[in-house]
Structure formats: structure tokens, C-alpha cells
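Within every chain, numbering begins at 1; the chains are lettered A, B, ... in the order of the sequence lines, protein sequences first and strands thereafter. Here the structure is a predicted model, which is why all the values come from computation and not from measurement.
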Amino acid sequence: MFTTSKTSPISTTRSSIGPNELDGDWKALVDRNIEAYYEDMDALNILRADAYPRCTEYVDDMVRITQDLIDKGHAYEANDGVYFHVESAPEKYGQLTGQSIDAVRSGAGGRVDDTGSGKRDHKDFALWKAAKPDEPTWDSPWGPGRPGWHIECTAMSLDHFEKEFDIHGGGHDLRFPHHEAEIFQGECHTGHAPVVHHWLHNGFVNIDGEKMSKSLGNFWTVRDILTKVDAMVLRFALINAHYRSPIDMNEALLNDAERNYNRLLGCYVEALKARTDPSPVALPHPDLASPLPLGKSLGLLEKMGEGFARAMDDDFNSREAVAKVLGMVREITKVLNGALEAADRNAFAHYAVELLEETAARVLGVLPPQEVALAEPEDDPRKAEIADQVEALLVERAEARSAKQWDVADRIRDELQALGVVVTDTATGPEWDLA
RNA sequence: GCACGGAUGUCAGAGUGGCUAUGAGCGGGACUGCAGAUCCUGAGACCGGAGUUCGAAUCUCCGUCCGUGCUCCA
């Protein structure tokens, strides 16, 4: 919701140049970054929000709220800006972090002396900052300047939600001081509490066990990763852990996710293809104790579907939900590969498709649309180029194999490998793909 | 130092006082000329110590280690 790029699970661009470093054209920079952000989020199948407010369009509101806080005795003007006076609402202190006012004082040590010189108290935070050279500025009753960071979020969120809203997200690092400040500002301004009912703070994405940071050089953007794996695989990897936990982004995690995703996708495709008739017959009643194998399987799947819903209802326990989906995949594969009457198989396939679309696709967002899932991978132009050659070699190899000339067959497989093709023998014959 | 989280098999990672998931990896089996893929199956863990309890991965306390925040910027 109202998060900065820093709190996104993975930073979207490399560019994080501050406005001071540019020769005035900071608006174009902002537009470029926002465009890149949308592209990355779309690729990851993240639904667009209803509104994407931009703080530069809310400066008037920020000024108005700041003035109101001054009028109500919660803020004061100093020589270098306007500050929120934290002691004016001490009961609100530490709501998110459990820190007492005294604890913060000792933690801050001597480091506050040379900053925010106009503050009456080191705990106070800026609502408005007087202009500094080369910075973009706006006019205000307290002279030209720019808003403080925290007031931006308050102005935008209250404009959309009036005085309270249900869920406020953000990175774990923003709990203090940013979100605490939002509580002070919002509740003191409206006189209504709580301004936020539920705070959702996500853990960080680390790289190989280390915090992702530019100085360490271990910076992976979404785009970097999408050159290596499918967007659905990255999404699968990101929901591998609970959103509150830190997650370590590395090759092993992506490989793991790729494997699981392929199992899921393979099962989905198999179920889609098993729907041979658009009007399915009635299936047996789901019943774990049923003597009918199909009834029992349906009972199992129903139970896993309930477990899935319970997990997601419990503070978005995505890992638990993924486990349930993989359990469904196993059971569905088993049933589709088992002995079934044609009508039952068709009906079960309809049921399985619906179940996977409801859970893996609609809720978790880790399944592509049907037409994409069913698209033949030969669309790859590199594959089309060598297809005839490969098919010819495969015919030769099949002949050699049926003649039990294993050395000839293996030599052909080596030739194919030299072309960059991997052959896999399956129950229905050899399949090939680019390595 | 203070605050808030966390520590679960080889790895990743859920877990509701009694039964523990899921996936990878590893072992066994089916299918395979071989490899791979697929399917079935097995073994394998709750950081250390104390306490509460008939019973603790789960609750309490102590310890150790790890993460984040505690000045500015966003």
C-alpha cells in the first residue's frame, strides 16, 4: 500500500539517485521509476491497486494537517521547520515497538545533538523542513521548504480512507519511527483512534544470507532474476516463507521453486487435457472413509482445500497454503494416472482444474492462464529452427534403439546434445527441449 | 546497551499442549538398454539449561547465537 521502494520485497530498479544529484529534472526520474515499478509488478502477476497516490500532489493536504497539529498543540514551529511534539501525546508512544520514551532516549545516545537543531526534544520528528539549497521546495505558512517523510503517508492515506483503515503494510524496518509517527499524526489530527486496525510488516529479502545492499554489491533486481527464471517461479519462491520472515534469495531457493512450480504446472496441464467432455457426470460424494477410491480422493482434496483456506485466513500463511497445494498436486496426479472410467476421469479433471484455479491461480497467483499453460513450447523460434533436424535424428535413434544398437543410439543423443538439445524418454516416447 | 522478532532433520520451511507437515537432497522400489523424467516408498529435527504439566517443538524463566530498529534520508 503506502510503501517506499525500500520496503518492496525486491528493489525494482538500480536507480536510487536522490533529487539533489540531478539537475532539476527529478520529475522525469520519478516517472521512469514508477513505470519500471509497474512493469515489474505486472510481470510478477501482482494486481494493480485502485489508487497510486503521489505525494507531490498532496503537499496542500500536508500543510493543512501540519497547521491543524500546530493549532491543536501537538506541533510547533522552529527555526528550521515544524516538529511534532511527541510528549503532547505520550499515551501513543511505543504502540508498535513497545519502546518506552526513556528507552529511546538512552538508545539514541549522543547522536541527536547535531541534527534537527530546532527540536525541543530529540524524540520529536519533522513535519516540515525549511528549504535547503538545490532541493525542490514548496511554499508554506512557515516559508519555502518540503514536507517531512511521515506526513506524506498520513496525508495520502487519510485522503483515501478518511480517519481509519483496516490494513497498513510496510517493511519491518519502518515500524519505528515511520509507522509510529503515522499513528501520532493521524490520530492527533482526526481525534480518532485507531487510525490503523492491523499492521502488516514484511521481512527482508536477503541474498545468500546477507542483507541486500548497494554497498555490498549483492543487489538483485526483479529484472535480473527474470532473465534466469519464469516470473511464476520467482513468485513461488517469494511465497515459500511467511511474509513476516526474512527470505534468503539464492540459486537453491529458485531451483527449489522451479521444481515445485513445474510439478504444479504439469499437474494443471494434465488435468486440463483430461477434460475431454465439457459436461461432466456427477462425482461420488467426498468422503475420507469412503470405500470408493475416487470418493476418498475427493474427500482428501476437499480437506486440503479447507486447510488451504484456513492457512490463508491465518495471517496469510502462504507456506502452509503451498504445502496444501502440493498435496493436492500429488493426489490429483495419482488419480489421473490411476484406473478410472472415462466419464469419471473427465469429471474429476473438471473438479481438479477448478480446485487448482481457485487456490493456486486465484489466491496464490502462481498459475498462468489456461491458454498460456497449454501453449506448446515450440513457439520458441530457436526450437523451430532446428526442429526438423532434431526430429530426423530422433527417428534414427528410435530405429537404433529398437535394433538394440545402444552405442548408435547414444551417439545420436550426443549429437543432439551438441545442438543444445536434451532428450528425455517418457512412457509416451522421447521428448526434447533446449538445454 | 535498549526494544522487537527469530533459532525445527543435510537444506528450505509450516506447526493448534498428546498424532507432526510440505518440497529439495539422500536410501529403497516401479518403469527404463543406460541416463533423465514420472510414480510409489523409507530414514532423518525441534539451540542449551531449568521450570510448569500426567504429557512441551509449542507455555514460563535463564543463557547462547542470529536479524531488524533505536541520528539523518526515504
query: For Asn317(A), which contact category applies under a 4.0 Å heavy-atom criterion: base, sugar-phosphate, or nothing?
result: sugar-phosphate
Using the C1' atoms only, state how far C59(B) lies from U71(B), rounded to an integer number of Å.
39 Å
In whole angstroms, the gap separating C1' of G13(B) from CG of Leu326(A) amounts to 12 Å
Rounded to whole Å, the CG-P distance (Asp248(A) to U68(B)) equals 12 Å
inquiry  = Could you tell me how far G28(B) sits from G6(B) if I compare only their C1' atoms? Round to whole Å.
reply    = 37 Å
Closest to the 5' end of RNA chain B, once Glu331(A) and Gly327(A) are matched to their nearest nucleotides, is Gly327(A)
task: Could you give the distance separating U53(B) and G44(B) at their C1' atoms, to the nearest angstrom?
output: 29 Å
Tested for ring-ring contact (aromatic ring centres under 6.0 Å, His included) against His201(A), the lone hit among His179(A), His178(A), His168(A) is His179(A)
| Within the structure, does a side-chain N or O atom of Ser245(A) lie under 4.0 Å from either OP1 or OP2 of A14(B)? | yes
Across the strands shown, which category fits Asp410(A) at heavy-atom distances under 4.0 angstrom: base, sugar-phosphate, nothing? base
Could you go step by step and tell me if Glu39(A) and Arg223(A) meet the salt bridge (Lys or Arg N to Asp or Glu O under 4.0 Å) rule? CA-CA 10 Å; Glu39(A) 284 169 18; Arg223(A) 276 153 209 236; 3.0 Å; yes
Closest of A14(B), U68(B), G23(B) to the Asp173(A) side chain is U68(B)
No-hydrogen, no-angle side-chain donor-acceptor test under 3.5 Å, Tyr93(A) and Glu87(A):
no
Against the side chain of Ala323(A), the closest entry in U71(B), C40(B), A21(B) is A21(B)
(Q) For a quick check of understanding: with a heavy-atom distance under 4.0 Å over all strands, which category does Ala241(A) fall into, base, sugar-phosphate or nothing? (A) sugar-phosphate
Tyr243(A) atom OH is separated from G5(B) atom P, nearest whole Å, by 14 Å
Give a yes-or-no answer on whether the side chains of Trp128(A) and Glu77(A) include a donor-acceptor pair shorter than 3.5 Å. no
Rounded to whole Å, CE of Met304(A) lies from P of U22(B) at a distance of 10 Å
With a non-hydrogen cut-off below 4.0 angstrom, is Arg319(A) in contact with a base, only sugar-phosphate, or nothing? base
Taking C39(B), U68(B), C72(B) as options, the one with an atom nearest any side-chain atom of Thr333(A) is C39(B)
**Asked** Does U71(B) have OP1 or OP2 sitting under 4.0 Å from an N or O in the side chain of Lys123(A)?
**Response** no
Checklist entry - Does OP1 or OP2 of G23(B) have a side-chain N or O of Arg330(A) closer than 4.0 Å? => result yes
Between A45(B) and C11(B), how far is it from one P atom to the other, in whole Å?
-> 13 Å
Rounded to whole Å, CZ of Phe125(A) lies from C1' of A74(B) at a distance of 15 Å
Result for 5'-nearest mapping on RNA chain B, choosing between Asn240(A) and Asn206(A), is Asn240(A)
May I ask you to evaluate whether Arg259(A) reaches the phosphate of U38(B), defined as a side-chain N or O under 4.0 Å from OP1 or OP2?
yes
Ranking A14(B), U71(B), C4(B) by distance to the side chain of Arg175(A), first place goes to C4(B)
Closest to the side chain of Phe204(A), out of U68(B), A12(B), A74(B), is U68(B)
> Which part of the nucleic acid, if any, lies within reach of Arg263(A) when heavy atoms closer than 4.0 Å are counted: base, sugar-phosphate only, or nothing?
Replying inline: sugar-phosphate
Exactly one candidate in Asn45(A), Leu264(A), Leu265(A) meets side-chain contact (heavy atoms from CB on, under 4.5 Å) with Met232(A); the answer is Asn45(A)
If we count only N and O atoms by modelled type, under 3.5 Å, do the side chains of Glu431(A) and Thr424(A) hold a donor and an acceptor together?
no
Would you classify Arg411(A) as touching base, sugar-phosphate or nothing, given that sugar-phosphate means primed atoms plus P, OP1 and OP2, and contacts are heavy atoms under 4.0 Å? nothing
Out of A21(B), A37(B), C40(B), minimum distance to the side chain of Lys334(A) belongs to C40(B)
Show your reasoning for whether salt bridge (Lys or Arg N to Asp or Glu O under 4.0 Å) applies to Asp313(A) and Arg310(A). CA-CA 5 Å; Asp313(A) 285 348; Arg310(A) 215 177 310 118; over 6 Å; no
Exercise for the section: Please measure how far the P atom in A12(B) lies from the corresponding atom in G29(B), and state the result in whole Å. Expected result: 30 Å
Review point. Is Arg401(A) touching bases, backbone alone, or none of the nucleic acid, heavy atoms closer than 4.0 Å?
Key: base
Rounded to whole Å, the CG-C1' distance (Leu234(A) to A12(B)) equals 16 Å
- Task: Using the P atoms only, state how far U16(B) lies from U60(B), rounded to an integer number of Å.
- Result: 13 Å
Quiz item: Taking 4.0 angstrom as the limit, do Arg411(A) and Asp414(A) come out as a salt bridge?
Solution: no
*Going by 5.5 Å between centroids and 30° between planes, is there a stack of Phe176(A) over G69(B)?*
no
Item checked: A21(B) and U58(B), which share atom name C1', separated by this distance in whole Å -> 15 Å
*Pick the C1' atom in C34(B) and in U41(B), then give their distance to the nearest Å.*
24 Å
- [ ] Answer with yes or no whether Arg413(A) presents, from its side chain, a donor or acceptor under 3.5 Å of a partner atom in the base of C34(B).
- [x] yes
Per-residue pairing states of RNA chain B in dot-bracket (Watson-Crick or G-U under 3.5 Å; . unpaired, | other strand) read (((((((..(((.(...[.).))).(((((.......)))))....(((((..]....))))))))))))....
| query | Could you go step by step and tell me if Leu253(A) and Asp248(A) meet the side-chain contact (heavy atoms from CB on, under 4.5 Å) rule? | reply | CA-CA 8 Å; Leu253(A) 178 73; Asp248(A) 195 36; over 6 Å; no
When rounded to whole Å, the CG to C1' distance for the pair Asn255(A) and A12(B) reads 12 Å
In whole angstroms, the gap separating C1' of C34(B) from CD of Gln405(A) amounts to 16 Å
Between Arg275(A) and Asn346(A), do the side chains contain an N or O donor and an N or O acceptor separated by less than 3.5 Å?
no
